[in-house]
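First comes the structure, then the notes that go with it.
Throughout, protein chains are lettered first and strands after them, A, B, ... in sequence-line order, and every chain is numbered starting at 1. Predicted model only: the values in this text are computed from it and were never measured.
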Amino acid sequence: MELPCDGAGICMACKNKPPDEETLNCKTCATPWHATCLVSPPQELSDTLQWECPDCSMINQPSASAFSSGRSEEAGDLIASIRRIEDDKSLTEQEKAKKRQELLSGAAAGPSTSDCEEKKEKNDVLDILDKELTCSFCMQMLDRPVTTPCGHNFCLKCFQRWIGQGKRTCAFCRVQIPPKMASQPRINSTLVIAIRMARMSRSSIAGGAPKVYHFVHNQNRPDKAYTTERAKRAGKANACSGKIFVTVPPDHFGPIPAENDPERNMGVLVGEKWEDRLACRQWGAHLPHVAGIAGQSTHGSQSVALSGGYIDDEDHGEWFLYTGSGGRDLSGNKRTNKDQSFDQKFDKMNEALRVSCLKGYPVRVVRSHKEKRSSYAPETGVRYDGVYRIEKCWRKNGIQGFKVCRYLFVRCDNEPAPWTSDVQGDRPRPLPVIKELKNAIDTTERKGSPSWDYDEEKSCWMWKKPPPVSKKRVADGVDPEDGKVIRTIKRQRQNVSVREKLLKEFSCQICRKVMVSPITTPCAHNFCKACLEAAFAGQSFTRQRGQGRRSLRVQKNVMKCPSCIIDIAEFLQNPQIFLVGEPGADGCNRITTTASGGGKGGRKLRRV
DNA sequence: GGGCCCGCAGGG
DNA sequence: CCCTGCGGGCCC
């Protein structure tokens, strides 16, 4: 029996992680497979784009029923059938709609190419809808379905109630539920689509084609991020962004419409997913590739990312509580830091969010798989979940003991959220009751009417006041003739100078200059003697100008290495100082002796 | 799984 | 120009 790759991308057949060029994604279920482990891999490159995995291509053979663990097999069959209809180029949209409807209602189908196949699907569909798409607790159509490894489906809320009662077995078959599933249930997005399609099909009026949801496959993906000469590290850790595919300016507010998507003419759809933040950026959903908030303090915030970076965040899907940025010590060249060490203020990006709150702008929201505590986060990658409005913001004492900026986001999108089985988008909803507001300070609420609001007549969310005028240009290199985007190539850095190499190798972690009276800690960090002494006298240091390096801030009365958390109190009793020559003519110190500095694999002084 | 490192992008 | 940042890869 052939096996796909598991959730971590490991081939379940050979137990290895296949490289990208050996990974095939099924066009129907999007599951990755290891090409070299397949009995009959596709022969032509072009075949790989339309490749269907063994599970999906033999979906009606009982021996090949495994769709993938944790999913409803029958729902998988249903989706596969629906997608086969979608992919049939010989059908018009109306014919497709009719076929879908027949499939889902079990009505008589027209002449078929495969009688056996269709007969099974027809007869099973009602059963599937009755059994598989019904929650065993509430006996209703599944709402935010979660699926146990034993293959049983429950509403998220029902499941959580069950777990809350201390139960740890499947309510249906009594098989043990893994601790991870119990503590962090994730919504089964495949089932969501199945339920939604069933509903659309039932409610669709004859003649009007129901809305078709788009499934994004890898082959539609754009050029990837790339690495410069300077960024020596492998892969995308230090990559430049690939081209931006949408023609909206970086300060565009709201959904990205089809007319700004010259590549596909679809716009960015709710539920679209990307491998990582760099790919997400390329489609304009959220531009910064590290920061969680996109925006300008004078203009407003266009988008946010929920990635589990801040402990105070609280996700309820249609609404969530977001934490502002800052309050963290980023010394030591860090980009993020789990620990908060000072209060957040309403400035910079936090102020940008506050502006969007006051004006009632729509804020795009992406959720990342890195948010482990939310049931609404995707299993992998980064997903666009539509626009939200910030209804209130305030400050509170955060979990880590410092003040944090807080924002109440409430969904206001015309497309349904990726986790809901609703066919419709959002309606205005009452604000949730937020307990922490009792102890909030600096609370801000919108006074006037919001710019982005629900129109009762048109039954949709829209700009009720003109959107803010863009102050920026569309992504660099967009050809005004055809709107095609030309990738911009970053200027690459020339050879690194000897001086820079020296600085890198022998610089003090505090002053960033070549060390004077160097001391290497047991944890292998290098400092000037004076800097280290001053560090523990409670002084703080700012970086040297012009080198693109970071400030190091040290805490008073803490005997930890300024570059890491190792306690060096004992070492400081008797630090060893190495010999260093006088400054040279260029002002750069000459290292003249060899010495061992202790610590594993650290930078050690060498003769030059 | 956690620590560490660093180029990049964008705000101000 | 300097500062900041809810990444991502690698090493342990």
Side-chain angles (χ1 to χ4, degrees), chain A residues 8 224-242 244 249-251 274-282 286-313 315 320 322-340 344 347-353 365-374 377 381-382 404 407 471-472 475-476 488 490-493 496 504 509 523-525 542-551 553 561 563-566 600-603:
Chain A
K224 289 192 172 170
Y226 64 101
T227 313
T228 59
E229 264 304 298
R230 183 165 177 244
K232 288 284 193 298
R233 295 176 140 249
K236 284 194 275 192
N238 292 311
C240 299
S241 159
I244 307 290
D251 56 353
W274 304 278
E275 192 185 340
D276 54 31
R277 288 278 295 270
L278 281 157
C280 166
R281 165 190 164 74
Q282 293 184 272
H286 183 68
L287 288 167
H289 78 273
V290 176
I293 306 166
Q296 306 77 34
S297 60
T298 52
H299 200 54
S301 166
Q302 292 84 27
S303 58
V304 296
L306 283 121
S307 302
Y310 283 80
I311 189 86
D312 291 274
D313 285 3
D315 193 359
F320 60 89
Y322 197 74
T323 310
S325 60
R328 292 168 165 185
D329 177 12
L330 298 181
S331 66
N333 209 9
K334 290 189 277 289
R335 299 297 173 269
T336 58
N337 182 346
K338 274 179 286 183
D339 300 322
Q340 198 181 350
Q344 292 184 356
D347 62 358
K348 300 174 185 170
M349 291 305 121
N350 296 345
E351 177 62 15
L353 284 175
V365 171
V366 298
R367 280 183 174 81
S368 157
H369 70 103
K370 287 188 160 187
E371 173 55 273
K372 299 295 181 201
R373 300 165 303 154
S374 165
V382 182
V404 288
Y407 304 88
K471 295 176 178 169
K472 291 166 182 290
D476 281 349
T488 54
K490 283 277 278 198
R491 271 190 312 246
Q492 291 186 9
R493 248 193 149 169
V496 182
K504 198 170 172 142
Q509 303 265 298
C523 43
H525 293 106
T542 47
R543 71 188 203 182
Q544 195 186 1
R545 287 169 68 92
Q547 291 299 319
R549 296 193 176 96
R550 305 203 155 222
S551 61
R553 199 162 302 214
C561 167
S563 286
C564 67
I565 56 155
I566 303 289
K600 45 181 178 156
R603 281 168 291 225

remark   = From NZ of A:Lys472 across to P of B:dA9 the rounded distance in Å is 14 Å
ask   = Between residues 288-307 of chain A and DNA chain B, which residues have a heavy-atom gap below 4.0 Å?
value = A:His289, A:Gly295, A:Gln296, A:Ser297
Nearest-angstrom distance from the residue atom CD of A:Glu275 to P of C:dG8 = 9 Å
remark   = Rounded to whole Å, CD1 of A:Ile244 lies from P of B:dG10 at a distance of 7 Å
query = Are A:Lys236 and A:Glu275 side-chain neighbours, meaning at least one heavy-atom pair lies under 4.5 Å?
reply = yes
Show me the donor-acceptor pairs within less than 3.5 Å that the side chains of residues 290-306 of chain A make with the rest of the protein, sequence neighbours left out.
from     : atom 1 : to       : atom 2 : distance (Å)
A:Gln296 : OE1    : A:Gln302 : NE2    : 3.0
A:Ser301 : OG     : A:Ala294 : O      : 2.8
A:Ser303 : OG     : A:His286 : ND1    : 2.8

request  = Identify which nucleotide among C:dC6, C:dG7, C:dG9 has an atom closest to any side-chain atom of A:Ala237, counting heavy atoms from C-beta outward.
outcome  = C:dG9
note = A:Cys240 has its side chain closest, among B:dG11, B:dC8, C:dC6, to B:dC8
inquiry  = I want to verify a distance call: between B:dA9, C:dC6, C:dG9, whose nearest atom is closest to the A:Thr323 side chain?
reply    = C:dC6
key: With sequence neighbours excluded, residues passing side-chain hydrogen bond (donor to acceptor under 3.5 Å, both in side chains) with A:Asp315   = A:Arg367, A:Ser374
request  = Please list, chain by chain and in numerical order, all residues satisfying side-chain hydrogen bond (donor to acceptor under 3.5 Å, both in side chains) with A:Gln344, sequence neighbours excluded.
outcome  = none
ask   = C:dC6 P sits how many Å from A:Asp315 CG, rounded?
value = 17 Å
task = Measure the shortest side-chain to side-chain distance between A:Ile311 and A:Gln340 over non-hydrogen atoms and say whether it is less than 4.5 angstrom.
result = no
ask   = Taking NZ from A:Lys348 and P from C:dC2, how many angstroms apart are they, rounded to a whole number?
value = 15 Å
key: Distance, rounded to the nearest Å, where A:Lys334 contributes NZ and C:dT4 contributes C1'   = 14 Å
remark   = If one requires at least 3 consecutive Watson-Crick or G-U pairs with distances under 3.5 Å, the stems of DNA chain C turn out to be B:1-6 with C:7-12, B:8-12 with C:1-5
Listed nucleotide nearest any side-chain atom of A:Leu330, set C:dG8, C:dG5, B:dA9 = C:dG5
query = Donor-acceptor pair under 3.5 Å: do we get one between A:Asn238's side chain and the base of B:dC5?
reply = no
request  = Using a cut-off of strictly less than 4.0 Å, decide whether A:Arg281 has a side-chain nitrogen or oxygen near OP1 or OP2 of B:dG10.
outcome  = yes
inquiry  = Between A:Arg230 and B:dC8, is there a contact of a side-chain N or O with OP1 or OP2 at under 4.0 Å?
reply    = yes
request  = Could you pick out which residue, A:Asp347 or A:Lys338, lies toward the 5' side of DNA chain B when each is mapped onto its nearest nucleotide?
outcome  = A:Lys338
ask   = For the pair made of CG in A:Leu278 and P in C:dC6, what is the distance, rounded to whole Å?
value = 15 Å
task = Name all pairs fulfilling the salt bridge (Lys or Arg N to Asp or Glu O under 4.0 Å) condition that reach into residues 300-312 of chain A, sequence neighbours left out, sorted by first residue then second.
result = A:Asp312-A:Lys396
inquiry  = What's A:Asp276 touching, base or sugar-phosphate or nothing? Going by heavy atoms closer than 4.0 Å.
reply    = sugar-phosphate
query = In whole Å, what is the span from the CG atom of A:Asn333 to the C1' atom of B:dC5?
reply = 7 Å
